[in-house]
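Protein chains get the first letters and strands the later ones, always in sequence-line order, with residue 1 at the start of each.
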Protein chains: 2
Amino acid sequence: MPPGEASEKWDPAHLMDLLWRTRPRGTRGPRGSLSLDEVVAAGVEIADEEGLAGVSMRKVAGRLGVTVMSLYRYVPSKEDLLDLMFEMATPEPTMAADWPTDWRGRLTAYAHEMRKLLVERSWMLDIPISTPPMGPHNFAWMDLALGAMADTPLTEDDKLGILILISGYAMNESRQIVSMNRAVARTGVSYEEWGEVYHRMLERATATGRFPALTRVVESEVFARSHATAEEDFDYGLSFLLDGVAALIAQREKG
Amino acid sequence: MPPGEASEKWDPAHLMDLLWRTRPRGTRGPRGSLSLDEVVAAGVEIADEEGLAGVSMRKVAGRLGVTVMSLYRYVPSKEDLLDLMFEMATPEPTMAADWPTDWRGRLTAYAHEMRKLLVERSWMLDIPISTPPMGPHNFAWMDLALGAMADTPLTEDDKLGILILISGYAMNESRQIVSMNRAVARTGVSYEEWGEVYHRMLERATATGRFPALTRVVESEVFARSHATAEEDFDYGLSFLLDGVAALIAQREKG
DNA sequence: TAGACTTCGTGTACACCATACACAGTTTTA
DNA sequence: TAAAACTGTGTATGGTGTACACGAAGTCTA
């Protein structure tokens with residue numbers, strides 16, 4: 001390789017080696033007193049307790065009774081640690097028991113499962129994702145959703161598109177739920193009162209007359225009335241997507 | 001008020017005052033040499049040039065020729081500054097000219113406009129959003145989308161749900177595009193080659209036989225083949241949503 | 001007009017943060 | 001036995017947001 005040419009670019013394969021624990025490890029020196037899993041697990045613990053902002057290399061090291069710099073023998077950077085935490089926090093999907101048999105039921109269950117995970121471990125949504133999914137657990141989830149559509153006449157192209165669409169929807173909806181939960185925690189205003197508060201803000205803003213369509217929504221008191229549960233809201237949007245899938249399936253069956 | 005009761009909670013109304021420039025300003029002391037708009041604009045400039053990570057209070061102050069701490073006379077915290085930047089970076093929607101007349105065309109245009117903005121100013125997606133939209137420009141966008149459905153028999157409840165759904169979709173899709181752009185920038189691997197690279201990673205992973213449905217997708221070479229443009233991908237998912245909206249409209253017309 | 005009151009910008013200081021680097025100790029291979 | 005490779009550690013660098021105290025400057029009230 002010509003010198004100076006390879007301007008030190010980042011290689012996604014390194015991350016994959018970390019995720020799959022396939023990093024070649026020389027046999028020479030002393031074996032580490034820790035394992036990659038222990039380091040990542042410590043990070044996950046802290047994130048579960050204090051959120052992602054609480055995860056610092058110092059705290060991870062402290063929890064393991066080790067100096068900060070020794071962590072870098074296991075993980076190239078904090079960014080990689082976060083990617084590894086995301087993978088570890090994604091559970092192996094185990095839905096054999098009550099797993100429905102029709103594609104619609106399965107995709108619904110999949111979306112719900114994803115939302116449940118992301119709302120519980122909301123710090124996962126705070127991790128800046130810099131690559132497409134590459135870890136084994138994440139692949140397993142993809143496989144699950146794709147498998148849900150196995151009995152349909154959809155093309156593989158279709159399935160992939162739908163997978164992305166539904167995952168995106170679940171992430172998005174989770175993001176909103178989480179942001180609402182945090183607002184509640186931070187303000188001390190209850191979940192129910194927040195609709196009231198937002199309603200008043202909108203009233204103040206629409207009083208200028210600049211937002212006619214928004215004004216009509218506000219006047220309909222959607223915000224002020226006690227609203228549907230987050231679960232219902234989620235299913236509402238999901239049904240839109242699944243109707244679209246159904247239509248596509250019908251089309252593929254015909255053609 | 002009983003002492004010790006109000007345990008110093010965060011008040012969203014303060015943020016709204018900032019966003020609407022309605023913060024009461026005493027008339028006593030000297031007038032500031034800067035304005036809130038100048039501070040926020042400086043932040044936006046830096047974000048445009050270096051991304052959100054480049055925005056620090058020190059750099060903003062430096063750009064304005066002022067000490068760091070003086071910024072806190074205009075903005076309570078960096079978090080608020082970011083919220084203000086989000087609002088300022090959202091342009092006043094001006095789509096009078098080629099604005100379609102049917103709801104479907106309008107919602108499509110809306111979604112495209114949103115995607116364009118978020119991909120251009122990708123740092124907006126990096127801002128941790130902690131409240132529902134409260135700024136004038138954000139309200140204007142909401143109004144636009146709601147107004148797009150004015151001629152339909154949808155209830156105000158429906159419209160709000162659809163607004164959230166479509167905005168969420170646009171944000172989500174933008175997030176993916178941006179993350180791809182960043183991967184390209186960081187690895188030096190071209191946009192086209194990335195499919196190739198990811199394909200090989202998937203091949204390696206599916207070789208274990210653990211992911212049957214994923215294997216079928218990989219074997220179909222969806223990733224390896226040069227793929228649809230991001231624009232086409234976007235419209236693909238959007239059509240799903242809009243079909244759902246059409247179905248709901250038909251239903252409301254009947255009932 | 002004098003003094004009280006506010007608000008300004010500034011400098012200093014603190015408690016963090018990620019990580020580059022050199023080093024000494026330990027383990028394995030040639 | 002010596003070389004090589006890998007380990008954990010301490011130190012150091014250059015960042016981060018913001019609390020606090022200060023003097024200067026402007027505006028209101030008596």
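As rounded to whole Å, 14 Å separates atom C1' of C:dT10 from atom CG of B:Leu34. Taking atom CE of A:Met57 as the reference point, atom P of C:dC17 lies 11 Å away to the nearest angstrom. For the pair B:Leu71 CG and D:dA19 P, the interatomic distance rounds to 14 Å; values are reported in whole Å. Computed from coordinates, the A:Lys78 NZ to D:dG15 C1' distance equals 14 Å when rounded to whole Å. A:Leu82 places its CG atom 15 Å from the C1' atom of C:dT19, with the value rounded to the nearest Å. To the nearest angstrom, P of C:dT10 lies 11 Å from CG of B:Leu64. One interatomic measurement links the two molecules: CG of A:Asp80 to C1' of C:dA18, which rounds to 13 Å at whole-angstrom precision.
Side-chain contact, A:Glu193 with A:Ser190: a donor N or O sits under 3.5 Å from an acceptor N or O. A:Arg182 and A:Thr187 form no side-chain donor-acceptor contact under 3.5 Å, judged by distance and modelled atom types alone. A:Glu87 and A:Thr90 share no side-chain donor-acceptor pair at under 3.5 Å.
The shortest distance between the side-chain N/O atoms of A:Arg58 and the OP1/OP2 oxygens of C:dC17 is below 4.0 Å. The side chain of B:Ser70 contributes no N or O atom lying less than 4.0 Å from OP1 or OP2 of C:dG9. Distances shorter than 4.0 Å separate some side-chain N or O of A:Ser56 from OP1 or OP2 on C:dC17. Within the 4.0 Å cut-off from OP1 or OP2 of D:dA5, not a single side-chain nitrogen or oxygen of A:Thr27 is found. A close approach under 4.0 Å does occur between a side-chain nitrogen or oxygen of B:Tyr74 and OP1 or OP2 of C:dG9.
Under the 3.5 Å distance criterion, the side-chain polar atoms of B:Ser35 are matched with a main-chain donor or acceptor of B:Glu38.
When each of C:dC17, C:dG11, D:dG17 is scored by its nearest atom to the side-chain atoms of A:Lys59, the top-ranked nucleotide is C:dC17.
Side chains of A:Met114 and A:Trp141 form a contact here, defined as non-hydrogen atoms less than 4.5 Å apart.
Across all strands shown, A:Val68 has heavy atoms under 4.0 Å from base atoms, whether or not it also approaches the sugar-phosphate. Using a 4.0 Å heavy-atom cutoff across all strands shown, B:Met69 reaches at least one base atom of the nucleic acid. Among the protein residues, B:Arg25 comes within range of the sugar-phosphate backbone only, with heavy atoms under 4.0 Å from sugar or phosphate atoms but none that close to a base.
Closest-nucleotide positions on DNA chain D for B:Pro30 and A:Ser33 were compared, and the one nearer the 5' end corresponds to A:Ser33. In this structure, A:Arg31 and B:Arg28 both approach DNA chain D, and ranking their closest nucleotides by distance from the 5' end singles out A:Arg31.
With hydrogens and angles ignored, a donor-acceptor pair under 3.5 angstrom links the side chain of B:Arg73 to the base of C:dG9.
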